[in-house]
Amino acid sequence: MPRLRFIMPRAAPALLALGWLAIGPIPAAAQERFPDPPSEHGLYSDAVRVGDLVFLAGVVNRDPDPATQFRNTFRRIGQILEDAGSSLKRVIDITTYHIDMHAHIDAFIEVKDEFLTELPSWTAVGVTELYSPGVLIEVKVIAAVDDDG
């Protein structure tokens, strides 16, 4: 039995590949992109809805005040989720990327807790830079579709 502990991690990639071959990729028709058509940036969709899940690309805001930047980021996330048939109450996972995590983490947690009352899973990552200058955080979200969405 102890040997399985070492075999399973090594076998996991092969098992995932076999599962992918059996199921295949999700057809484009099963995906819904928001906004549709993509906005002027054209590089990516703000969100992609697949089945009962909505996957948001990283959302940022450039306000110079950290707390306002965080609030505006979550307001934008709420707008995108509503367009995709979900809401902030249905967020199940967030990943945040922080330029200076320790300088702003308390303010960020306070704002996050205002907007995300259901306590989704959360991964916070410190980074040296983000795509947009002046941005302190980038927030990536996965949410469930509303029951009536």
Side-chain angles (χ1 to χ4, degrees), residues 8-9 12-149:
M8 287 308 290
L15 293 173
L16 287 173
L18 288 174
W20 178 259
L21 290 173
I23 297 170
I26 297 171
Q31 300 177 15
E32 193 173 355
R33 301 186 182 281
F34 298 89
D36 185 30
S39 61
E40 66 280 354
H41 56 68
L43 301 173
Y44 61 90
S45 300
D46 289 334
V48 176
R49 180 174 164 177
V50 180
D52 291 338
L53 295 176
V54 178
F55 300 84
L56 267 68
V59 178
V60 300
N61 184 268
R62 289 189 184 97
D63 194 284
D65 176 64
T68 303
Q69 185 178 125
F70 305 155
R71 280 187 181 85
N72 289 343
T73 298
F74 278 104
R75 286 184 185 115
R76 179 67 183 134
I77 289 168
Q79 292 170 346
I80 296 168
L81 288 173
E82 285 183 25
D83 290 347
S86 186
S87 68
L88 287 166
K89 290 181 179 179
R90 303 286 297 195
V91 171
I92 55 177
D93 181 71
I94 68 170
T95 302
T96 55
Y97 302 91
H98 302 255
I99 291 293
D100 190 347
M101 189 178 313
H102 298 288
H104 306 291
I105 195 67
D106 291 335
F108 178 78
I109 289 171
E110 185 176 321
V111 171
K112 176 188 73 67
D113 291 348
E114 286 175 28
F115 286 88
L116 301 177
T117 57
E118 300 299 318
L119 298 177
S121 62
W122 173 30
T123 303
V125 180
V127 296
T128 57
E129 67 180 318
L130 292 167
Y131 180 73
S132 299
V135 170
L136 299 173
I137 59 152
E138 185 167 346
V139 181
K140 189 171 168 59
V141 172
I142 300 172
V145 175
D146 281 336
D147 294 331
D148 60 352

In this structure, are over 12 heavy atoms from other groups packed under 6.0 Å from Glu114 atom CD?
yes
Once rounded to the nearest 0.5 Å, what's the spacing between atom CG of Asp46 and atom CG of Asp83?
9.0 Å
List the atom of Arg62, the atom of Ser132, and the distance in Å for their closest heavy-atom pair.
NH2-OG, 3.1 Å
Could you check whether Asn61 and Thr73, counting side-chain N and O atoms only, form a donor-acceptor pair closer than 3.5 Å?
no
Leu136 and Phe70 have their tightest heavy-atom pair at CB-CE2, 4.2 Å
Distance check, rounded to the nearest 0.5 Å: Trp122 atom CH2 versus Asp93 atom CG?
12.0 Å
Write down the atom of Arg76, the atom of Val59, and the distance for their closest heavy-atom approach.
CG-CG1, 3.7 Å
Report the C-alpha separation of Leu53 and Ile92 in whole Å, then their side-chain angles, then the decisive distance to 0.1 Å, and conclude whether the side-chain contact (heavy atoms from CB on, under 4.5 Å) test is met.
CA-CA 9 Å; Leu53 295 176; Ile92 55 177; 3.8 Å; yes
Between Ser87 and Ala143, the two heavy atoms sitting closest are O-CB, 4.5 Å
When every non-hydrogen atom of Asp113 is compared with those of Thr117, the smallest separation belongs to O-CG2, 3.9 Å
Residue among Ile142, Leu56, Leu81, Val54 satisfying side chain to side chain contact (heavy atoms under 4.5 Å, CB included) with Val91
Leu81
Nearest heavy-atom neighbours spanning Ile105 and His98:
CD1-CE1, 3.9 Å
Hey, mind stepping through Val145 and Arg49 against side-chain contact (heavy atoms from CB on, under 4.5 Å) and telling me if it holds?
CA-CA 8 Å; Val145 175; Arg49 180 174 164 177; 3.3 Å; yes
How long is the span from the CZ atom in Arg90 to the CG atom in Leu116, to the nearest 0.5 Å?
14.0 Å
Determine, step by step, whether Val135 and Ile99 satisfy the side-chain contact (heavy atoms from CB on, under 4.5 Å) criterion, reporting the C-alpha distance in whole Å, the side-chain angles of both residues, the deciding distance to 0.1 Å, and the verdict.
CA-CA 8 Å; Val135 170; Ile99 291 293; over 6 Å; no
For Val139, does its backbone N or O pair with a side-chain atom of Thr96 as donor and acceptor, under 3.5 Å?
no
Could you go through Phe108 and Met101, starting from their C-alpha distance and side-chain angles, then the distance that decides it, and tell me whether this counts as side-chain contact (heavy atoms from CB on, under 4.5 Å)?
CA-CA 9 Å; Phe108 178 78; Met101 189 178 313; over 6 Å; no
Value for NZ (Lys140) from OG1 (Thr123), rounded to nearest 0.5 Å, stands at 11.5 Å
State the CZ-CZ distance between Arg71 and Arg75, to the nearest 0.5 angstrom.
7.0 Å
Could you tell me whether a side-chain N or O of Glu138 sits under 3.5 Å from a main-chain N or O of Leu130, the two making a donor and an acceptor?
no
If you count heavy atoms of other groups shown closer than 6.0 angstrom to CG of Asp100, is the number above 12?
yes
